[in-house]
Amino acid sequence: MLNTSGSDTVTTYSTHIRNTHMKLKQSINKTIQQAFEKANISEIPMSVSEATKPEFGDYQFNGAMALSKKLGKNPREIASNIIENLDLTGVLSKAEIAGPGFINLWLNSEWIASQCEVAEQDERLNVQSKENPVKVVVDYSGPNMAKQMHVGHLRSTIIGDTLANLLTFLGDEVIRQNHIGDWGTQFGMLIAYLEEMDEDGSVSLKDLEQFYKNAKGRFDADETFADKAREYVVKIQSGDTHCLELWQKFIDISLGHCEEVYDKLGVKLTRKDVRAESFYNDALAHVVSDLQTKGILQESNGAQCVFLEGDDVPVIVQKGDGGYLYATTDLAALRYRAKELGAKRISYVVDARQSGHFKQVFRVAKEAGFVPEDVKLEHIAFGTMMDKGGKPFKTRDGGTVKLIDLLDEAVEKAKDTIKDKEGYSEEEIKALAKIIGIGAVKYADLAINRESNYIFNWDKMLSFEGNTSLYMQYAYARIQSIFRRFDGEIKGNIIIGDTLEHRLAVMLLRFEDVLDRAAEDASPNQITTYLYELATLFMRFYEQNPILKEGVDEAMKMSRLQLADLTAKTIKQGLDILGIQVVDRL
RNA sequence: GCGCUUGUGGCUCAAUUGGAUAGAGCAUCAGACUUCGGAUCUGAGGGUUAGAGGUUCGAGUCCUCUCAGGCGUACCA
């Protein structure tokens with residue numbers, strides 16, 4: 001069984017719906033909309049965006065320039081017309097025209113204070129659970145059973161897990177799918193070798209790479225063995241009991257290795273999420289015959305193909321020798337997910353190099369009617385992990401880096417950075433190193449725009465400075481230490497006393513909009529960027545605004561304690577979605 | 001060859017999807033402390049966003065071309 005080590009609280013939040021709930025941007029947009037109506041401008045206003053600088057207020061509205069041509073008026077004139085009709089007694093407190101026609105908007109401090117109070121009291125931090133949840137399939141990780149997981153699987157596994165966590169938190173019905181590679185010609189060789197090894201009792205699948213190499217060695221050296229291997233491929237595909245048993249044994253052990261990695265990573269995939277390639281085996285022939293019936297299948301050089309308009313390479317669904325391919329399985333999986341699982345959004349978290357493949361397969365699936373038109377198919381593509389020299393990440397002798405080794409090394413390195421800490425037992429250091437090391441690996445990956453390649457760097461990853469998990473975990477722990485020192489009951493209202501408090505409060509309220517946007521774009525780095533800005537802002541706030549120090553007004557102390565608490569809870573929730581744990585003491 | 005993709009201070013990354021003077025961290029230099037956790041904070045220098053055109057009120061972002069890298073290019077997954 002998988003132990004998901006502590007971050008499995010995401011799905012347990014209450015899902016009650018607040019009908020009155022309005023998101024931050026929505027509230028501001030609504031105020032703008034009302035000004036439009038009062039000013040008799042019939043256009044639909046574009047959305048406000050966050051101000052790029054503090055001098056420009058909290059939010060800005062850039063629609064006046066865009067409207068200028070349509071209305072035949074000077075943009076500043078339009079802007080001033082909007083401002084004249086703007087309600088500055090509720091959400092907003094101030095509006096100014098700037099530059100060619102920007103409208104800078106300041107939020108009302110009392111209003112944001114009251115909103116923060118609501119969030120502080122709410123276990124969901126006032127993030128609404130979707131009123132119309134959608135069934136989403138997130139396909140990620142997808143390891144090959146013939147080999148151990150290597151660094152190439154890291155990004156798919158953690159980006160996919162984050163996306164699944166995020167959508168779950170926002171209220172969607174998420175179906176995690178681990179499309180493992182457990183089928184194909186290589187398994188004939190592997191189970192034939194497993195059978196041989198079994199006989200003399202020396203079976204060891206501890207190192208799958210080695211096992212694969214040995215099997216390959218036998219295959220290349222011994223004709224009899226090679227024939228047997230080929231024969232076994234046919235046998236498992238036709239349901240031979242003995243071969244299937246061997247195969248099942250092999251898959252079980254191999255999957256066990258993956259689960260060890262998932263466990264270490266704190267990724268929520270379990271056996272029930274596995275829908276292997278073999279699962280679709282029986283559907284493959286139907287996929288081909290259905291394409292035939294639809295009249296979009298063509299034979300070319302002996303292979304069964306679908307030619308798409310505008311593409312010069314066809315999608316091959318059946319080889320000349322009758323075998324099926326990757327694309328065939330994917331089509332079967334798409335159909336299963338749309339028809340059987342009822343998914344309205346299907347997200348594939350797979351390496352960017354396969355974008356051509358997915359573009360084609362998605363088109364075929366829609367043209368063949370395997371997937372209804374209204375189902376959103378997306379390839380969540382990501383870049384490759386590189387070494388310091390900008391080359392694909394490899395071991396010193398050029399082999400692939402096993403994921404388990406990378407994770408163990410991260411924990412070891414984390415241990416090195418904290419081993420001299422006083423007041424911790426060896427056990428505590430061990431537990432802490434795990435949280436820090438794994439968090440660092442995940443955060444460093446998720447913090448980067450998923451579409452670009454990124455350079456793997458231990459030092460940067462395990463630094464306390466900059467946009468790292470450690471900085472975030474430190475910020476969290478620092479706030480917890482405030483509450484260890486504070487003895488009493490937190491009561492009273494949140495009071496926005498100065499600019500930094502104001503900015504911190506606005507930042508806290510942005511959380512929901514950030515999550516929405518991150519979910520829409522499937523970009524975890526929008527969450528990390530936000531969390532980093534939040535943590536930085538809090539540090540500055542805390543530097544300047546004492547909380548427990550002598551001479552702080554009682555009402556102010558209570559207010560700041562609440563802001564600190566909400567900051568900590570937001571960091572914790574954000575990291576939880578990323579699958580990263582926090583600790584009270586660091 | 002064709003297709004996809006990337007190019008942002010010395011390095012690693014951002015940039016709210018077309019908005020204002022392109023922001024952070026590292027590194028460098030200069031400050032703050034009898035620390036509510038200095039694993040912190042404040043400040044400085046460092047950019048013609050690969051290059052050239054174009055589109056428009058406005059371009060790192062869109063279009064065209066050039067240069068440089070990465071990837072893909074029918075019976076692997």
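Letters A, B, ... are given to chains in the order of the sequence lines, protein chains preceding strands, and every chain is numbered from 1. Excluded from the calculations below are hydrogen atoms, water molecules and symmetry mates; all remaining heavy atoms, backbone and side chain alike, are included.
Below 30°, between 30° and 60°, or above 60°: for A:H379 and A:F358 the angle between ring planes is between 30° and 60°, a tilted geometry.
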Show me, pair by pair, the donor-acceptor contacts under 3.5 angstrom made by side chains of residues 59-69 of chain A, not counting sequence neighbours?
unit_1: A:S68; atom_1: OG; unit_2: A:K73; atom_2: O; d: 3.0

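The base of B:C36 is paired with the side chain of A:Y542 by a donor and an acceptor separated by under 3.5 Å.
Nearest to the side-chain atoms of A:Q60 among the listed nucleotides B:G19, B:A14, B:U40 stands B:G19. For A:K69, taking side-chain heavy atoms from C-beta onward, the closest of the listed nucleotides B:G19, B:G37, B:U56 is B:U56. Here the side chain of A:K460 is nearest to one of B:A20, B:U12, B:A77, namely B:U12. Set against B:U40, B:A77, B:C13, the side chain of A:I455 has B:C13 as its closest nucleotide. In this structure, of B:A20, B:C36, B:U12, it is B:C36 that holds the atom nearest to the side chain of A:I547.
Each of A:N545 and A:N104 lies near RNA chain B, and the nucleotide nearest A:N104 is the one positioned closer to the 5' end.
In this entry B:C4 has B:G70 as its Watson-Crick or G-U wobble partner, both defining distances falling under 3.5 Å. As the counterpart of B:A24, B:U12 is assigned, both hydrogen-bonding distances of the Watson-Crick or G-U wobble pattern falling under 3.5 Å.
Stacking of A:F102 onto the six-membered ring of B:A20 is present: less than 5.5 angstrom between centres, less than 30° between planes. Aromatic stacking of A:F56 on B:A20: satisfied, with centres closer than 5.5 Å and planes within an angle under 30 degrees.
Scored by the side-chain contact (heavy atoms from CB on, under 4.5 Å) test, A:L170 finds A:V127, A:L166, A:L515, A:D516, A:A519 as partners (sequence neighbours excluded).
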